[in-house]
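The structure under discussion appears below in the form of structure tokens.
In each ligand, atom 1 is the first atom listed, and ligand 1 is the first ligand listed. For the single chain, residues carry numbers from 1 onward in sequence order. Everything quoted here is computed from the prediction, not taken from an experiment.
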Amino acid sequence: MCGIVGYIGPKDCSDVLVSALTKLEYRGYDSAGIAVFENDAIKTVKTQGKLKDLEDKLKSVGKPQGHVGIGHTRWATHGEPSDINSHPHSGARVTIVHNGIIENYIELKEFLISKGREFLSETDTEVVAQLLDYKYNGNPLETIDSVMAELKGSFALGIMFKDFPDRVFAVRRESPLIVGVAEGECFIASDVPAILKYTKNYYLLEHDEIATLTKDGVNFVDEHLDPIEKELKTADWDMEAAEKSGYPHFMIKEINEQPDAIRTTIMPRIKEGLPCLEECGITLEKIKNFKNITIVACGTAMHAGMVGKYVIEDLARVPVNVDIASEFRYRNPIINEGDLVIIISQSGETADSLAAMRLAKQKGAKTLAIVNAKGSSIAREADMLIYTLAGPEIAVASTKAYITQLSVMYLFAFELALAKETLSEPECKRLVSALIKMPEAVSFVIKNCEEKCKYIATKLITSESLLYIGRGLDYALSMEGSLKLKEVSYIHSESYAAGELKHGTISLIDNEMPVISVATQTDIIPKTISNIVEVKSRGAKIILVCTDVCARGLKDGVADYVIEIPHTDELLMPITAVVPLQMLAYYTAINKGNDPDKPRNLAKSVTVE
Ligand code: M6R
């Protein structure tokens with residue numbers, strides 16, 4: 001997704017903007033640009049490509065010299081990646097950067113063309129720039145306000161007016177934007193890591209609020225242009241947390257951070273050996289009457305929901321439906337008053353998940369958000385909220401956020417099962433104490449399986465397609481393994497419930513096809529093993545991820561490679577079993593020369609539909 005930054009203060013503005021943009025690279029982008037006031041004129045430099053290309057261009061055309069400016073990394077939506085479509089975009093007296101999608105840009109563009117305006121780019125953003133210029137009445141706030149009234153869709157905007165060289169304006173609807181403040185300087189950014197080098201203090205801009213930044217500070221007004229006071233927030237993580245700390249990539253750093261991430265997420269929510277979610281607004285009394293649960297999310301977060309379904313249904317005996325947010329929101333889902341809808345999201349800004357949550361609320365459901373990004377839209381709008389305390393996740397491929405989403409799903413399932421009286425306190429205590437041991441088990445897997453995963457990954461790079469198979473919880477986990485591999489290695493893969501193979505998919509098997517099988521659930525291991533034998537006898541190369549207990553009982557030659565993980569409580573096995581799947585994906589990407597942190601065509605946070 002696009003990234004926005006802005007700066008006003010004593011430092012070299014071009015340098016600050018480029019440096020801040022590097023901290024937003026994780027969002028995915030294909031072009032970059034900055035605009036800076038230089039001697040009261042706005043100088044814009046932009047280019048298709050990476051920030052390195054922008055830096056090269058700044059060297060060749062001359063870096064704008066000044067102290068007030070805005071910058072942008074673009075992830076193309078309207079119009080191909082090109083210099084001309086890159087941001088910033090301008091009208092005669094205004095220059096802007098934009099994240100989001102203006103849904104009614106075609107009609108606005110037609111209107112502006114009818115008024116004699118000409119357009120250089122294919123973007124929806126240039127329409128906003130031209131509309132601001134068209135409506136400009138000498139008063140920036142009034143102009144922004146009246147343009148906002150005409151825009152449909154999502155936007156976060158950084159705006160500079162030629163007549164006001166000492167100011168940057170910012171506004172948002174749906175798309176995230178923060179305003180950072182320090183002594184004598186202010187910032188805008190799409191996300192906190194962009195400003196951490198300079199300050200930890202920031203304000204969260206709410207929908208339709210407008211911020212005016214000067215070197216002396218920031219003022220906010222609401223959509224009626226009435227001044228508002230806002231709460232100053234302080235980031236509780238620092239640059240170190242957002243940097244690679246010696247790892248070659250964020251993805252592997254974040255895989256290694258998983259034991260701590262689980263610990264940080266679960267420990268404050270456990271009291272006297274039992275789950276305690278009171279600080280998240282969840283009590284036994286409050287949840288005991290839920291009869292139906294729907295979990296809505298996208299991508300990896302949805303896969304965490306799949307594990308959640310198995311665990312909640314198993315322990316609390318409440319039916320759980322898992323839905324992809326983009327499907328849920330457009331198909332008139334059956335949600336009744338008194339149902340619980342759980343929304344899982346790392347970023348808390350995923351457009352479809354946010355819309356799905358709002359729909360669930362309209363239908364009278366209670367909503368519970370499981371979110372990583374503090375103060376994000378989903379976090380703020382949910383009725384109940386459990387933060388996954390994974391810290392900033394920078395790599396596009398989600399790893400530590402997923403594992404903390406699982407951890408929260410377990411805690412919630414335990415609490416619900418207590419509320420429903422389907423789980424006794426002693427049994428719950430036993431499960432909680434098994435959960436507390438999981439960080440250690442994950443550390444063990446990272447340490448002991450990494451070399452093997454590295455080696456097996458060298459065997460996968462020539463494959464064109466892979467299958468992941470498993471049953472029950474292992475099937476839910478296979479979905480995540482498959483997504484991880486395809487997003488960073490660009491190798492096609494599918495996950496299948498192992499028992500489904502015979503109903504069609506087995507025809508794909510030949511001796512070119514690796515099959516990754518997850519087998520951690522003792523009672524169904526014999527069934528999965530017989531599926532493995534079936535595909536092996538048709539030539540497939542088998543990579544088996546299984547418990548040490550299962551490995552001991554394996555007949556010779558059943559699998560080509562076995563990745564053993566320690567046997568823990570079986571309900572909790574996805575927490576450890578996902579780790580080799582993440583490492584296989586990571587090392588396959590590395591072996592193929594891909595950048596696993598910024599996979600092609602992908603964005604970290606999908607804030608548009
Ligand atoms: O921020 P969210 O958790 O709502 O994002 C949902 C998906 O876009 C995300 O999990 C995506 O699938 C990841 N890149 C997968 O690694």
Less than 4.0 angstrom from a charged side-chain N to a carboxylate O is my criterion; do Asp474 and Arg471 meet it? no
The answer for which part of Glu487 has a heavy atom under 4.0 Å from ligand 1 is side chain
For the side chain to side chain donor-acceptor pair (under 3.5 Å) test, which of Ser377, Ser190, Ser154 pairs with Glu349? Ser377
Ligand-residue contact atoms, ligand 1 with Ala301, heavy atoms, under 4.0 Å: 3 (O), 10 (O)
Students should be able to answer this: which protein heavy-atom is nearest to atom 1 (O) of ligand 1, and at what distance? Ser347 OG, 2.6 Å
Of all the non-hydrogen atoms in the protein, which one sits nearest to atom 2 (P) of ligand 1, and at what distance? Thr350 OG1, 3.2 Å
Which residue owns the protein heavy atom closest to atom 8 (O) of ligand 1, what's the atom, and how far is it? Val606 CG2, 4.1 Å
I'd like to check whether Val396 has a polar contact with ligand 1, where a contact means an N/O of the residue lying under 3.5 Å from an N/O of the ligand. yes
SB check Arg269 Glu415 (cutoff 4.0 Å): no
Verify the neighbour count for atom CD of Glu279: are there more than 12 heavy atoms of other residues, nucleotides or ligands below 6.0 Å? yes
Which residue and heavy atom of the protein sit nearest atom 6 (C) of ligand 1, plus the separation: Cys298 O, 3.3 Å
Taking Tyr402 as the fixed residue, which of Leu483, Val307, Thr388 is the one that meets the side-chain contact (heavy atoms from CB on, under 4.5 Å) rule? Val307
Side-chain ion pair, Glu450 and Lys454, N-O less than 4.0 Å: no
So for ligand 1, is Thr300 a polar contact partner (N or O within less than 3.5 Å, distance only)? yes
Starting from atom 3 (O) of ligand 1, what is the nearest protein heavy atom, named by residue and atom, and what distance separates them? Gln346 N, 2.6 Å
Pairwise distance CE(Met583) to OG1(Thr399) - rounded to 0.5 angstrom: 11.5 Å
Can a salt bridge be assigned to the pair Lys230 and Glu209 using a cut-off of 4.0 Å between side-chain N and carboxylate O? yes
Lys484 contact mode with ligand 1 (heavy-atom cut-off under 4.0 Å): side chain
With a cut-off of 4.0 Å, which atoms of ligand 1 are near a heavy atom of Ala397? 16 (O)
